[in-house]
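All ligand and atom numbering here is 1-based and tracks the order in the structure. We're numbering straight along the sequence, starting at 1.
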Amino acid sequence: MKKTIRAGIIATACFLIHTAHAQKQFIVKANEVKATIQPTMWGIFFEDINFGADGGLYAELVKNRSFEFNMPMMGWKLVNDKEADASTLIINRQQANTVNPRFIRVSRNNTAGTVQLINEGFKGMGIKQNEQYNFSGNTLAEGTIHPTGNNWQLYKTNCIAAATEAKAVLSVAIEGKGSIDMDMISLFPEHTWKNRPGGLRADLVQLLADLHPGFLRFPGGCIVEGRDLATRYQWKKTIGDVNKRKLIINRWNTEFAHRPAPDYYQSFGLGFYEYFQLAEDLGASPLPILNCGMACQFNTAEVADMEQIDPYVQDALDLVEFANGDLTTKWGALRASLGHPAPFNLKMMGIGNEQWGPQFIERYRLFAKAIKSKYPTIQLINSVGPDPDGDKFTYLNDTLRKLQADVLDEHYYRSPSWFFSNAKRYDQYPRNGSKIFAGEYAAQSVVAVSPLNRNNWLCALSEAAFMTGLERNADVVSMASYAPLLAHTEGWQWTPDLIWFDNLHAYPTPNYYVQKLYGNNKGTQTVPITLNNEAVAGQDSLYASAAIDQTSHELIIKIVNAAGKAQQGNILLEGINKLDTKAQLTLLQNNNTEAVNSFDGIVNIAPQQQEMAIKDKTASLLLAPYSFAVIRIKIL
Ligand code: AHR
């Protein structure tokens with residue numbers, strides 16, 4: 001008899017445990033607003049790394065168009081057949097043109113045979129059938145070819161491509177006897193983003209636009225700092241006539257011995273004017289990052305003498321005027337002359353990229369004083385170093401908070417397990433004082449800087465889980481951006497990256513789709529979602545956040561199931577009088593956490609949409625294994 005009773009108790013206990021696993025009761029309190037979500041919340045971080053600008057977003061197809069690479073013929077070769085007698089000469093007119101001193105002279109001593117100057121492009125040139133390509137070059141016509149004068153002139157022509165080719169080259173055929181001097185030899189597709197001449201690659205910008213980013217951070221990243229101060233990013237050298245933008249070596253050219261990129265330079269064809277224009281096109285707040293008188297501390301760690309730091313501070317002040325100044329100001333007038341009389345509405349700016357140590361604080365104080373006294377409403381973003389913990393972080397975090405810094409820029413290139421376990425990171429942060437910008441983050445499938453890191457589903461899922469914590473703490477976290485953004489499949493230095501592209505195509509990673517679901521389902525205020533009266537931040541591998549969108553009158557719920565089994569969820573929707581009986585469910589899911597997307601039409605992870613029913617103010621759904629679900633419900 002006793003035995004039978006004991007068995008019954010055990011059976012009952014098992015049943016209860018089973019029930020608890022089978023049916024998670026989430027509670028959303030839609031009328032308890034916890035925080036306002038900043039319009040800037042989910043943004044993008046652009047850096048010219050992985051051939052992100054030249055050879056990537058900037059649609060120029062000719063590599064080394066101005067012969068200013070250290071090896072002036074890099075990317076070029078003269079090809080002539082046996083009968084032709086031809087040669088090239090690189091001429092330097094340094095005194096006449098300090099920013100673009102070199103040009104090429106091609107001489108032909110006879111008219112027999114063919115002579116071609118060939119450019120290989122950036123890993124070839126992507127050419128699409130039936131699209132128009134615009135060729136141009138500054139040419140000094142001489143001899144029998146163009147006897148129109150001895151001055152530099154811009155010549156243009158165009159052609160329609162007969163076929164699609166990922167690895168095309170440009171051939172400039174030179175006919176007749178004599179010599180011709182050429183510079184700025186350029187080939188662009190007619191179809192660029194908004195069809196701007198000399199513009200950006202339309203397919204890549206479209207992918208950025210689809211994220212609906214709240215801000216656009218630019219130009220980086222370590223590229224802001226330079227390996228030394230001489231190669232730091234200087235915005236004033238990136239605006240105006242492209243012929244007058246002095247090319248420099250890209251710091252990622254030699255950064256990693258395992259990923260050499262000897263042909264990686266910065267032409268600045270995508271410069272600061274194009275940047276502001278792009279931010280405006282995307283509806284994103286501009287977030288420029290300025291050098292603060294410090295070169296990369298992983299490289300030379302060179303700092304500008306404090307006695308000589310004024311030009312650096314002046315650059316920051318002038319950038320505000322360039323973006324916002326009216327037409328009576330020097331820099332505002334220049335912006336207008338470039339084609340944008342209206343201000344770009346700059347509201348924030350980063351001082352230094354990933355700096356650390358007392359020398360950063362010394363310089364930050366100077367910048368903050370100068371900028372705040374002239375432009376008190378500009379919000380300043382400051383680095384708290386390369387890691388989210390440790391001595392460098394603690395020193396900067398404590399010091400900058402005491403100095404009442406506006407926004408602290410935290411970086412985390414960590415494992416997926418770090419991201420999962422840090423979903424609560426900001427729950428305990430001070431609610432007042434400095435805000436947080438999760439300025440660079442990406443889960444690393446191996447370890448930061450490993451060339452074996454992959455954009456796999458586990459990494460993306462862990463980021464989705466972590467981001468529920470950012471959203472739940474929107475009163476503390478005002479901005480976040482994945483990094484890096486772009487990578488050429490044949491030219492990358494750093495992996496993982498949000499978008500991979502080649503000369504013709506691009507594919508979004510699972511991480512991209514996570515960012516996209518957040519950017520497109522932002523909401524305006526966070527509201528609590530709980531499981532067993534606690535924030536949903538890892539119990540049974542579940543993570544969740546909830547928001548209302550006061551503009552579209554919707555409730556938006558995000559749930560990550562990081563377990564390898566399905567879990568039944570009942571979400572009780574409290575604090576709302578009336579809800580639609582149908583909701584929109586968007587799902588990212590894959591049973592294989594190693595799964596990746598790639599070219600060749602392989603899209604293992606992409607959003608799938610379906611309708612779901614809402615009954616008795618309850619959303620019931622089976623949370624698939626390894627899934628990220630976004631639910632939107634109309635508030636009636
Ligand atoms: O995103 C790649 C690099 O990582 C950035 O340039 C730098 O800020 C960080 O160390």
Side-chain angles (χ1 to χ4, degrees), residues 43-54 56-57 208 215-228 231-233 248-256 258-259 261 264 266 275 287-292 294-301 349-357 360 381-390 392-393 396 407-415 418-419 437-455 459 463 479-488 491-500 509 511-512 515:
I44 46 184
F45 161 100
F46 176 86
E47 176 169 18
D48 188 4
I49 184 172
N50 305 318
F51 285 81
D54 289 359
L57 203 54
L208 304 186
F215 65 89
L216 178 57
R217 173 176 166 160
F218 180 95
C222 292
I223 213 155
V224 171
E225 306 163 43
R227 292 177 73 83
D228 56 15
T231 53
R232 72 190 189 277
Y233 199 104
I248 63 170
I249 197 161
N250 186 303
R251 56 150 300 125
W252 298 104
N253 179 312
T254 49
E255 184 73 17
F256 298 125
H258 61 274
R259 299 291 305 169
Y264 200 1
Q266 289 177 271
Y275 156 59
L287 170 50
I289 309 289
L290 276 280
N291 185 293
C292 66
M294 297 179 77
C296 182
Q297 289 166 278
F298 291 113
N299 301 141
T300 62
M349 163 185 280
I351 301 305
N353 173 46
E354 204 175 55
Q355 323 303 156
W356 65 80
F360 172 53
I381 281 82
N382 311 107
S383 157
V384 279
D387 300 302
D389 47 33
K392 290 186 187 102
F393 174 84
L396 286 176
V407 185
L408 305 180
D409 176 7
E410 298 189 356
H411 294 181
Y412 6 83
Y413 294 101
R414 297 288 170 117
S415 65
W418 185 94
F419 279 88
F437 170 31
E440 293 184 31
Y441 65 89
Q444 313 286 300
S445 66
V446 181
V447 68
V449 182
S450 167
L452 302 176
N453 284 324
R454 307 203 72 200
N455 284 96
C459 290
E463 290 152 10
M479 294 186 291
S481 47
Y482 184 99
L485 179 66
L486 293 166
H488 194 297
W492 58 271
Q493 295 77 48
W494 184 292
T495 175
D497 303 287
L498 203 63
I499 298 166
W500 288 83
T509 58
N511 317 69
Y512 172 91
Q515 295 294 321

Trainee: Would you please classify the geometry between the Trp494 ring and the Phe256 ring as parallel, tilted or perpendicular, with 30° and 60° separating the classes?
Mentor: tilted
Trainee: Applying side-chain hydrogen bond (donor to acceptor under 3.5 Å, both in side chains) as the test, list every pair that has at least one member in residues 437-452; sequence neighbours left out.
Mentor: Arg217-Glu440, Tyr413-Glu440, Tyr441-Gln515, Gln444-Asn453
Trainee: Determine, using ring centers only, whether Trp356 and Phe298 are less than 6.0 Å apart.
Mentor: yes
Trainee: Any idea which heavy atoms bring Ser383 and Gln355 closest together, and the distance?
Mentor: OG-O, 2.9 Å
Trainee: Please name the pair of heavy atoms, one in Tyr264 and one in Asp54, separated by the smallest distance, quoted to 0.1 Å.
Mentor: CE1-O, 4.4 Å
Trainee: For ligand 1, run through the N/O pairs with the protein that fall under 3.5 Å and put one pair on each line.
Mentor:
from     : atom 1 : to     : atom 2 : distance (Å)
ligand 1 : 1 (O)  : Tyr413 : OH     : 2.7
ligand 1 : 4 (O)  : Tyr413 : OH     : 3.3
ligand 1 : 4 (O)  : Glu440 : OE1    : 3.2
ligand 1 : 6 (O)  : Glu47  : OE1    : 2.6
ligand 1 : 6 (O)  : Glu47  : OE2    : 3.2
ligand 1 : 6 (O)  : Cys222 : N      : 2.8
ligand 1 : 8 (O)  : Asn353 : ND2    : 2.9
ligand 1 : 8 (O)  : Glu440 : OE1    : 3.1
ligand 1 : 8 (O)  : Glu440 : OE2    : 2.7
ligand 1 : 10 (O) : Glu354 : OE1    : 2.7
ligand 1 : 10 (O) : Glu354 : OE2    : 3.2

Trainee: Is there a side-chain contact between Gln493 and Asn250, using heavy atoms and a 4.5 Å cut-off?
Mentor: no
